[in-house]
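Keep in mind that this is a model prediction, so the values were computed, not measured. Counting begins at 1 with the first residue of the sequence.
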Amino acid sequence: MTLVFPTPQLLKRQKSARRPKHRKQLPLSSLIAVCSTMSREEIYYALMQGVAELDFRGRPTPSDLALIGDNAIPIAMNPRGQVLMAASTYGKGRLLALGHEDMLTAFPTVMENALRWLTPASDSIVGVNPSCDAILANLCYTSIRAETGLFREGLGVYVTDAYSVANNVKELVAFMKGGGGLLVAGQAWKWAQEHPKENALLGFPGNKVCSVAGIYFSELEGDLGVFPVPTQIPCSWLSVAIDKDFEDDMEFLLQGVSEFDIKCNSTPSEVMVHGPLSFPIAAIPGGRAFFAGSYYGQGRVIVTTHEGYLARPSLEPFLLNAIRWLDEGRNGEVGIFPKMKGAQTLLSKSGLTCTLTNFRDDLSVYVCTSYSNAHAAEIQDFILNRLGLSILGNYLTPGVYKAPEPGHVCTETYRFRSMLKQFAGHVSSGQELTPHEQSCLQRLGCDCVTFLRMRTHDLPSYTSVLEVLTGVVKKSKVPQICPSCPVKEPKDHLLLNMATEVYKASTNPDELLPYIIQDRPDLPLVYNTKVKIDGTAAGGEEWKSTGLYLSPGMRTHMAIPPQIVKKGWKVQIGCQTDNIGRSPVLKRATVVYERFDIDSEMIQVFNLWGGLIYLVAPSRSEEGELEIIVEKAIPAPYYKSGVTTVEAWVGGIRDAPAPWAEFEFENIIMTMPSTVAKAVDRPDEVAELWDSIMRAVADLAAMPAKFARKERYVAEVQISHGWMHAGYPIMMHSASALSLVNPKLARTNGIWGAIHELGHNQQRGGWEFRPHTTECTCNLWSIYVHETVLGMDRTLAHGNLKVQTRKIYKEAFQKDGSLAKWSVWIALETYIQLQEEFGWDAFKKVFGEYQHMKNVPKDNHGKMNLYAETFSRAVNKNLAPFFKAWCWPIRPDTEQKLADLPEWSDHPMSKSPS
């Protein structure tokens, strides 16, 4: 990933941050000494102390202030969500910006509060620009020392209009950075009318100073009225996006650009554009961006999501435009990270001086990658603020993508904040969504999830969006999802996903719970339950069942043995780990489990959607027996071989109130709805069946009868793909659960699918030839188990194993076969023919050989030749002619290696089809 004029710390933005602690309001007498450590709330309270309302009636029209900085705070906001006063910090100093100079005298209490907050020391002098000397009349009854004059050294605070700062930009920025206080008042809308061809964000004098603290005077006029002063920092869904269309920027950047050709070996990441003054430049259909730009501080930023693009000739027109846009007409020097020589060659065509260099603060533009933290602080200071652009972990498909057409950027380009504002308006006031906006709802839902997972509660840009989304959740009707009331509409998808993530990100999630889940069951609890678990995990990460359950939103504490604290152990709430977010119809929420790091001996755990409680042991754990104490929970139906008796099961355990149940046997654990488990009268017979099945699975795989990690099945209402899919756990639909725990039904009808997935888990890369055998060799276990354990002939186990069906597959391949057609049932016929000739022991021997092999080829051709040689040696016959008949790419050297063995000349494929 490459950033032009970027910060290498971008990827760290998505790491969790501590949530802010709320402090009590401090008296003004203590304010100066602690102002550098004040919270946002304390700053707001200090500035608005003693003020109940702000009367803007009959006054000159102020500018709407745009806030994008991490430290920028709205102080006064009108019902349209327009900010008319704002505060911020920069370096060691502080800033208060007013949307019109008339405010200096209109609100004397606020001004007195402000000057005390801005003052770095009790004996500081407040300098007042002559254009603002009207403020002095309100200070004569205070202890504030003020003087009129131009800016000079030695002042503690300086009060000026937003136009005069043009004469002292560098000095005022340095003054504020070093600890000075700055009060700037003015409006930009008239200036914008007088300078129609200039960009107010960069050209308006006040923005040259205030922008470093994340506050911009916009060209938008603010509405007037009488505005009550809220007790908390004002927030509104109307203020979540700034009404800037970036048409001028896009017109400049897209001169001579009709498409973005990124069809090459460089795969782009997606960049999420979430800053108030950030905008997408190039995106794939659907709006997922790979190039984006932003205004930040006194500068501009462009992000590309692969460093290879900066040297790509097909992108030359855009890249040259981009460098000139970043340079802003200064004709300054472009610094390029020393390892990016290809970028220097291309960008030098811009006519600007392009130098391979590390970062220097005298550069006009800097080009670098985002892989290193080198010069992070310097680059951060150069840009003067954070980007509002996050490079995500997911990748996009390289291709040739059409550039946005001039004049269509506003109506056709997806922007996160603008779309969020429209949706919040739809929920809050019934605003109709356009067809384009409706088509963006799914994308908005994904972006809300991504944004909320940043967990940067210390940043106003994050908390403001979180507050808006919290309001949306409270005002909307979050769908009450269940199998009989599925979610189908994009809006409901969005609300469900949004509500889930807002709950997780909220500083007060319990308050939101009734808005998200309206009917929560009141189930009986058990208290201070001691649970013993086996702390070993020899076969990879392993879930350790507790037999306990938490209801939706229910919280409990767990006492943890000290020997596993900060050792990679986790607590998991919920057994349904599939993410079903891509499903058009939802019968449950998309993600319904939670994990918590075990980082102390007492932890609190909960899950919005509830779930069974597990400890998750890291791979290769050797902790022995452990005892966990759970403060409160709900008992679940839980049967464990060798521990639970049949009498105890039918006598009450199976009637435990939790909605999920588990059966834990020798080598497998099954999780299913309790309604299915309660019908089981003889769990010992179920255990006997599955102990035999799992030993057979291990037997064919040439593995020890005792699995290093017990396999798991989870049967639930909806899974991510297929009717079942392999993994840990194996996932299946709830309808399949009964066949797992009914031995008679299993022996009568078979359980092909369940064993098929177990077969997937036994597949190994050395003897797998993907994609040909992906859905083929796993069926060897289905055949083996049905024949050796369930006593079912293979022709009855699956319809595709009937003699006539197999004959059709074979003869069709003989007539018109190729390796491309060798897959699934046709490929399985190859292995069945080997089994019918040489028996199951041949496969066990081959699988056993592979467990000790080294230097196994990685390509299919190499692996297939090795398999042909290995199987031939296992059965002491030259099978090269047989595999060649199946269109395997058998090489001459393989045939030479097998020449000493008797040839299998009468194999089934040697006969012509009838």
Cationic N near anionic O, under 4.0 Å, [X] to [Y]:
{"X": "Glu622", "Y": "Arg620", "answer": "no"}
{"X": "Arg891", "Y": "Glu869", "answer": "no"}
{"X": "Lys884", "Y": "Glu895", "answer": "yes"}
{"X": "Arg595", "Y": "Glu541", "answer": "yes"}

Any side-chain heavy-atom pair from Ile573 and Trp609 closer than 4.5 angstrom?
->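 Side-chain contact under 4.5 Å: no.
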Heavy-atom check, side chain of Thr267 versus side chain of Tyr395, under 4.5 Å |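 Yes - at least one pair of side-chain heavy atoms lies under 4.5 Å apart.
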Applying salt bridge (charged side-chain N to carboxylate O under 4.0 Å, His left out), run through Glu662 and Arg712 and close with a yes or a no.
-> CA-CA 10 Å; Glu662 287 196 327; Arg712 278 185 175 270; 3.2 Å; yes
In terms of ring plane angle, is the pair [X] and [Y] parallel, tilted or perpendicular, where the classes change at 30° and 60°?
{"X": "Tyr867", "Y": "Phe871", "result": "tilted"}
{"X": "Phe847", "Y": "Phe843", "result": "tilted"}
{"X": "Trp649", "Y": "Tyr639", "result": "perpendicular"}
{"X": "Tyr713", "Y": "Trp690", "result": "perpendicular"}

Glu829: which of Lys810, Lys807, Arg806, Lys821 passes salt bridge (Lys or Arg N to Asp or Glu O under 4.0 Å) =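 Running salt bridge (Lys or Arg N to Asp or Glu O under 4.0 Å) over Lys810, Lys807, Arg806, Lys821 with Glu829 returns exactly one hit, Arg806.
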Is there a donor-acceptor pair closer than 3.5 Å between any side-chain N or O of [X] and the backbone N or O of [Y]?
{"X": "Asn865", "Y": "Pro889", "result": "yes"}
{"X": "Asp578", "Y": "Gln718", "result": "no"}
{"X": "Ser674", "Y": "Pro659", "result": "yes"}

Gap between atom [atom2] of [Y] and atom [atom1] of [X] - 0.5 Å precision:
{"X": "Cys776", "Y": "Glu768", "atom1": "SG", "atom2": "CD", "value": "7.5 Å"}
{"X": "Gln572", "Y": "Thr577", "atom1": "CD", "atom2": "OG1", "value": "6.5 Å"}
{"X": "Leu441", "Y": "Leu494", "atom1": "CG", "atom2": "CG", "value": "6.0 Å"}
{"X": "Thr795", "Y": "His786", "atom1": "OG1", "atom2": "NE2", "value": "12.0 Å"}

Please name the pair of heavy atoms, one in [X] and one in [Y], separated by the smallest distance, quoted to 0.1 Å.
{"X": "Ala701", "Y": "Gln851", "answer": "O-NE2, 3.0 Å"}
{"X": "Ala696", "Y": "Tyr784", "answer": "O-CE2, 3.4 Å"}
{"X": "Cys575", "Y": "Pro729", "answer": "O-CG, 4.5 Å"}

Would you please test Arg588 and Glu716 for salt bridge (charged side-chain N to carboxylate O under 4.0 Å, His left out) and show each step?
-> CA-CA 10 Å; Arg588 64 162 172 86; Glu716 58 138 326; 2.8 Å; yes
Under the salt bridge (charged side-chain N to carboxylate O under 4.0 Å, His left out) rule, what do Arg794 and Glu836 come out as? Steps first, then yes or no, please.
-> CA-CA 12 Å; Arg794 66 182 60 177; Glu836 289 177 337; 3.8 Å; yes
Output, in order, the C-alpha distance, side-chain angles, deciding distance and verdict of ring-ring contact (aromatic ring centres under 6.0 Å, His included) for Trp888 and Phe882.
-> CA-CA 9 Å; Trp888 282 33; Phe882 169 75; 8.2 Å; no
Within 45° cone of Tyr850 ring axis and under 6.0 Å: Arg764 NZ or CZ =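 The answer is no; the distance or angle limit is not met.
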Member of Val585, Val717, Leu586 meeting the side-chain contact (heavy atoms from CB on, under 4.5 Å) criterion with Pro486 =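 Considering Val585, Val717, Leu586, a side-chain contact (heavy atoms from CB on, under 4.5 Å) with Pro486 is found only for Val585.
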Show your working on ring-ring contact (aromatic ring centres under 6.0 Å, His included) between Tyr549 and Trp660 and close with a plain yes or no.
-> CA-CA 8 Å; Tyr549 171 85; Trp660 288 91; 8.4 Å; no
Could you walk me through whether Trp767 and Val846 pass side-chain contact (heavy atoms from CB on, under 4.5 Å), step by step?
-> CA-CA 9 Å; Trp767 45 265; Val846 169; 5.9 Å; no
